[in-house]
Amino acid sequence: MEDKYDTIIVGSGSTGGALAGRLSEDPGRSVLVLEGGPVYSSRSDMPFELLSPSSIGAAAPGHPNNWAYPAELRPGMRYPYPRGKGLGGSSSLNGCYFIRGTKDDFDSWAKDGNEAWAFERVLPSFKRGEADADFRTDAHGHDGPIPVMREPLDRAPEFTSAFHSACHALGFEEDPDKNDPRARGGVGPVPVNIAGGQRIGTALGYLLPAVGRPNLEILGNAPALKIVTKGRRAVGVVAVVEGTTRTFYGDEIVISAGALRSPHLLMVSGIGPAAELRKHGIDVVQDLPGVGMNLTDHPMVSAAWDSDVPFAKFADRAVLTSVLHWQDEGSELEILPFVAKNGDMLSATDVLERPRQALSALKGTSIKAVTRQARSLKHAMLGIVVLEEASRGQVSLASGNPSDMPVLRWNLLSSGVDRVRFRAAVRMAHELFQSPDLRRIGASIVGLNAKLVSDDTAIDNWVSEKISAGHPSCTCRMGPDSDPTAVVDQYLRVYGIDGLRVADTSAFPSITTRGPNATAMMMGEHLAQMMTV
């Protein structure tokens, strides 16, 4: 066993990257990170799209840093679902939205039997990971690896001022610090993980600063195929490295491959719903019915919006300035305006340089979805989001071959409850954009008018056409052993298999009512503390 390590981490994304950075601070612990995409030895080696906070070009179909999983968002709507492929995972290609889950989120986790994740327990881990440039309170960290700031008003002054005024006119309060545990919603600036004009995910924040450590090895282009078990213990990982299949052995294995790949890796390794495994000829190592179930997301209407104010281009600044949160119809809801054109953010001309790869990624995609996205390139995007989804999807197997993509079905809008919540959110968005403050700058939501918002069925159809998602969670959810759907305990240890943990958004017991990236990084920090005590 020459390839033997104390800890093997599968995936270098938001959780895995933070975990690897922290565990490798102990020179007595050997750490191996297996990353399925490319890795980089320095900041200068990273592509522009991964560094520029205004670019989400790496999320475009066919980009080498995008897994582009074939996904069915709802029946009849198929689309390549972007997930980060390479150092830092999705934290290297997202919109830099860095809002923590709320205090109520974590207290709910604790109430459901995960006391280690109560808010007062996770707050130190949030603080340890961040360096907040704007708030010097005891609720924030000041010397962590992830810088956090809010864009000054000059990023989009006319729109941002008008948006805040419109929200205030409808009775919403100002919410200046979205990461304050006392915050209860309202309109406020978006915290973003940007410094020096660059997106600071786990690649730049945790991993590249640790590259010189002799006890840390990061292997790129090394997709994991299977977890090796001996009896009831995980002992290694089989991965393909530069075309060669190799087995790496470890005292402890942590799967941090994301909410889509982590359950798939468990299942092809014989850990999951027994009937599903046997159907594909996989020997059952541990029957865990919850693996791949309970896929939860933040369904979002990706609406186009315009104004008379030009969208300024800044390669080194955020594409988000402010966000509105409020409660209605039993859910937290969100209106999130982007202040850059979709075509500029996606680097549409760059996609044309990879036509073969883009076409391959788009195979099987709904023609309507492709057409709609093409038409939206000249507009900015307005996210209208349901943050507490009632619908549930599933990750399942296409075959027993680990190299085959999993079958991904979100079942968005399958619950009538979500349709009701979207009606409330869409009507609020329309009312905001009809306010005198936003009308004064010519702001409007493309295709949304008074006639449409007066008709429930018309709203439902509009939402169904524009629905998207981007925050998969809960497919290996944590919970007490009394919960038959739980896959891991509150220390993220896989039930029935010693030496194996799952640490990423798949382990969330329920999805956070804010975007998950900040919480996913905190999970890496928090687990590192658990593993080093």
Side-chain angles (χ1 to χ4, degrees), residues 12-22 40 43 46-59 65 82-84 86-101 122-123 125-136 139-152 155 176-180 183 188-210 298 314-323 336 338-340 345 383 470-471 504-505 512 514-526:
S12 68
S14 296
T15 304
L19 179 64
R22 288 306 190 194
Y40 311 98
R43 185 180 304 230
M46 295 179 69
F48 167 82
E49 305 94 282
L50 302 187
L51 295 173
S52 171
S54 72
S55 173
I56 53 172
N65 290 103
R83 290 287 88 191
L87 199 68
S90 294
S91 75
S92 290
L93 54 79
N94 62 18
C96 300
Y97 174 116
F98 204 78
I99 306 182
R100 301 169 176 172
V122 302
L123 179 58
S125 296
F126 272 121
K127 294 169 63 174
R128 205 161 31 246
E130 71 177 18
D132 195 298
D134 302 317
F135 291 93
R136 305 297 296 182
H140 295 284
H142 310 298
D143 55 5
I146 303 297
V148 182
M149 51 86 74
R150 291 99 183 138
E151 280 287 358
R155 172 61 182 92
D177 181 8
K178 290 287 182 180
N179 284 335
D180 189 317
V190 179
V192 290
N193 49 304
I194 296 172
Q198 294 183 332
R199 174 192 290 107
I200 311 296
T202 54
L204 295 183
Y206 286 92
L207 293 173
L208 287 182
H298 290 146
F314 293 100
D316 59 349
R317 299 188 69 172
V319 294
L320 301 166
T321 58
S322 292
V323 61
L336 181 66
F338 287 69
V339 293
M345 290 193 298
H471 301 151
D504 52 39
T505 62
T512 53
R514 298 294 185 269
N517 193 41
T519 300
M521 289 193 198
M522 178 278 290
M523 179 173 273
E525 287 275 359
H526 205 52

Taking the side chain as C-beta and beyond, is there a heavy-atom pair between I99 and T512 under 4.5 Å?
no
Taking it one step at a time, do F314 and V319 satisfy side-chain contact (heavy atoms from CB on, under 4.5 Å)?
CA-CA 9 Å; F314 293 100; V319 294; over 6 Å; no
Does some side-chain heavy atom of Y206 sit less than 4.5 Å from a side-chain heavy atom of S12?
no
Taking every non-hydrogen atom, the tightest pair across G95 and L320:
O-CD1, 3.7 Å
Could you walk me through whether D180 and R100 pass salt bridge (charged side-chain N to carboxylate O under 4.0 Å, His left out), step by step?
CA-CA 9 Å; D180 189 317; R100 301 169 176 172; over 6 Å; no
Kindly say whether T15 contributes a backbone atom to a donor-acceptor pair with the side chain of D504 at under 3.5 angstrom?
no
Taking C-beta and beyond as the side chain, do H140 and V148 meet within less than 4.5 Å on heavy atoms?
no
Atom pair CG (L19) and OG (S14), whose distance is rounded to the nearest 0.5 Å:
12.5 Å
Is the backbone N or O of L51 less than 3.5 Å from a side-chain atom of R43, with the two atoms forming a donor-acceptor pair by type?
no
Where the side chain of S90 meets the backbone of R83, is there a donor-acceptor pair that is under 3.5 Å apart?
no
State, with a plain yes or no, whether a side-chain heavy atom of N65 is found less than 4.5 Å away from one of E49.
no
Heavy atoms only: give me the nearest N179-F98 pair and the separation to one decimal.
ND2-O, 3.3 Å
NZ (K178) and CZ (R514) are apart, to the nearest 0.5 Å, by 6.0 Å
Rounded distance [0.5 Å steps], CG in L50 versus CG in L93:
7.0 Å
Output for pair (R128 CZ, D143 CG), nearest 0.5 Å, gives 11.0 Å
When rounded to the nearest 0.5 Å, the distance separating CE of M149 from CZ of F135 is 12.5 Å
On a heavy-atom basis, which atom in D134 and which in D132 lie closest, and how many Å separate them?
N-OD1, 2.8 Å
Tell me the closest heavy-atom pair linking A131 and G144, and the distance in Å.
CB-O, 3.6 Å
Taking every heavy atom of L336 against every heavy atom of S322, the minimum-distance pair comes out as CD1-O, 4.1 Å
Going by the angle between their ring planes, with limits at 30° and 60°, are H471 and Y97 parallel, tilted or perpendicular?
tilted
For I194 versus A318, what's the shortest heavy-atom pair and its separation?
CD1-CB, 3.6 Å
Any donor-acceptor N/O pair, E130 side chain to G141 backbone, under 3.5 Å
yes
Could you go through the side-chain contact (heavy atoms from CB on, under 4.5 Å) check for E151 and V190 one step at a time?
CA-CA 8 Å; E151 280 287 358; V190 179; over 6 Å; no
Note, P516 side chain near M523 side chain (heavy atom, < 4.5 Å):
no
Does M521 reach the side chain of P145, with side-chain heavy atoms less than 4.5 Å apart?
no
Tell me, do L208 and M46 make a side-chain contact under 4.5 Å, heavy atoms counted?
yes
Quick check for you: to the nearest 0.5 Å, what is the distance between N517 atom CG and C96 atom SG?
8.5 Å
Flag side-chain contact, heavy atom, 4.5 Å: D177 against R150:
yes
